[in-house]
Amino acid sequence: MKCRKNIQLTVLLIVMFLTLISCTSAVSHSESAKTTPPQQKDWNYAFHYTSDYWNHYDFSNSFIPTQNEFETLVSVYIPQIEALLGTPDWYTAIAPDADTVFVNLEMGGTPHSMVTSPAKGAGETIEFSILLSFDQLNAPADRALPHELTHSVLGRSCFSNSLEEGICDYTAARIGVNYFPFFEEYDIDILDFFTYDVKIALEQFYDTKKQNEMFDSVGRAGGYPYSLQTQDGFLWYECSQSFVEYLVKNYGMEKTMQLICEGKDEADYQTYLGISYEELKGEWITFVNNYEPQHTIEEYRKMTKAFFAQ
């Protein structure tokens, strides 16, 4: 099972960003793909619900106000994730002849969302289950759904939870409802945006020792180093995204995905990226520490207010 954090750091840019946005349509963009991926599969989609959620709860302020909207987003997001990550053949190791994605949905009161790994279902289907948190569902911005669907497309657990959660957040920032149009309109580099987010949070909440501990936890082999429902857990996700953003920008999506999907331990940074983990980590930390923001917090606040008031 893959978990998703849901904690508020009100001083962070991402919180300011999330609280100002309202629902629009999903969009597809990829700034990182350098080559044209193979032909994507034309999936059929089937859905199963454990309850009639949309008749039981008010999701009028949610990114999925109706069942049809949810099903549309799933069918739109999966091909976008395939194209963004360059993984149109992700299903072949599970069920190479599959023609249908079967999605089981459960909405619950858990503080974070999660998804089961995809498996071969009855007939020619790929099947997985999503649990979406009510807390995340009632936000107008959609990070949870593309994040969890990315876990499903990845198919297997990465040797590093930091890399896996980082690539899922990388995807969510580019195809989630109301994300990419904001960055595009103001010509904001997403790596810069989230690096600034990490930088100011570390400076305001962490002394040098704790900063070093947080940095050291990113990109390493192993599981979650912090409880997800804490400030540390929230910032670890942000750092992991910044780290993956840095990898994609400097080494390309293809090599980054090879590391995530095929790597077995930290030695494989050298195998797939041509640089040791420690050297790469040092470069990224230097990048974060020396980062000069593209805009001030006040400028970001004004831009978000102007954009989402349209």
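Throughout, numbering of the chain's residues begins at 1 and tracks the sequence.
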Taking the side chain as every heavy atom from C-beta outward, state whether D192 and I188 have any pair of such atoms under 4.5 Å apart. no

Not counting sequence neighbours, which residues clear ring pair (Phe, Tyr, Trp, His ring centres under 6.0 Å) with H295? List them please. Y300

Pair listing, salt bridge (charged side-chain N to carboxylate O under 4.0 Å, His left out) test, anchored in residues 263-282, at least two apart: R220-E266, R220-E278

Donor-acceptor contact below 3.5 Å, side chain T230 vs main chain Y226: no

Taken to the nearest 0.5 Å, the spacing of E165 CD from F243 CZ works out to 15.0 Å

Please, which pairs that meet side chain to side chain donor-acceptor pair (under 3.5 Å) have at least one residue in residues 205-214, sequence neighbours excluded? Y206-D232

For residues E283 and I275, report the shortest heavy-atom separation together with the two atoms involved. OE2-CD1, 3.6 Å

Is W236 reaching over with its side chain to a backbone N or O of F215, donor-acceptor style, under 3.5 angstrom? no

Between S51 and H56, is the side-chain hydrogen bond (donor to acceptor under 3.5 Å, both in side chains) condition met? List the steps. CA-CA 9 Å; S51 180; H56 293 165; 3.2 Å; yes

Geometric class of the Y49/F70 ring pair [parallel <30°, tilted 30-60°, perpendicular >60°]: perpendicular

When every non-hydrogen atom of S113 is compared with those of A144, the smallest separation belongs to OG-CB, 4.0 Å

Between the side chains of E245 and R174, is the shortest nitrogen-to-carboxylate-oxygen separation below 4.0 Å, so that they form an ion pair? yes

Y53: partners by ring pair (Phe, Tyr, Trp, His ring centres under 6.0 Å), with sequence neighbours left out: none

Determine the minimum heavy-atom distance between P118 and F128, stating which atoms define it. CA-CB, 3.9 Å

Is there a donor-acceptor pair closer than 3.5 Å between any side-chain N or O of Q270 and the backbone N or O of S276? yes

What heavy-atom pair brings C239 and M214 nearest, and what distance separates the two atoms? SG-CG, 3.8 Å

Only one of T171, D142, T72 passes side-chain hydrogen bond (donor to acceptor under 3.5 Å, both in side chains) with Y77; say which it is. D142

Output field: ring centroids F102/Y45 closer than 6.0 Å: no

Salt bridge (charged side-chain N to carboxylate O under 4.0 Å, His left out): pairs with one or both residues in residues 116-134, sequence neighbours excluded: K120-E124

E203 atom CD, over 12 foreign heavy atoms within 6.0 Å: yes

Do Y277 and W284 make the cut of ring centroids closer than 6.0 angstrom? no

Is any side-chain heavy atom of V74 closer than 4.5 Å to one of F47? yes

Nearest non-hydrogen partners of T50 and E106, listed with the distance: OG1-CG, 3.6 Å

Would a distance-only check, ignoring hydrogens and angles, find a side-chain to backbone donor-acceptor pair under 3.5 Å from T116 to S129? yes

For the pair S162 and S240, evaluate side-chain hydrogen bond (donor to acceptor under 3.5 Å, both in side chains) and give the outcome as yes or no after the intermediate values. CA-CA 5 Å; S162 181; S240 295; 2.7 Å; yes

Output side-chain donor-acceptor pairs under 3.5 Å for residues 91-99, partner residues at least two apart or in another chain, one line each.
| unit_1 | atom_1 | unit_2 | atom_2 | d |
| --- | --- | --- | --- | --- |
| T92 | OG1 | D89 | O | 2.9 |

Between the main-chain N or O of T87 and the side-chain N or O of E82, is there a donor-acceptor pair closer than 3.5 Å? no

Exam field: side chain E299 to backbone T296, donor-acceptor pair closer than 3.5 Å: yes

If we ignore hydrogens and angles and just use 3.5 Å, is the side chain of S242 paired with the main-chain N or O of E238 as donor and acceptor? no

Can you name the closest pair of heavy atoms from Y186 and A306 and give their distance? OH-CB, 3.5 Å

Any Lys/Arg nitrogen of R301 or E298 sitting under 4.0 Å from an Asp/Glu carboxylate oxygen of the other? yes

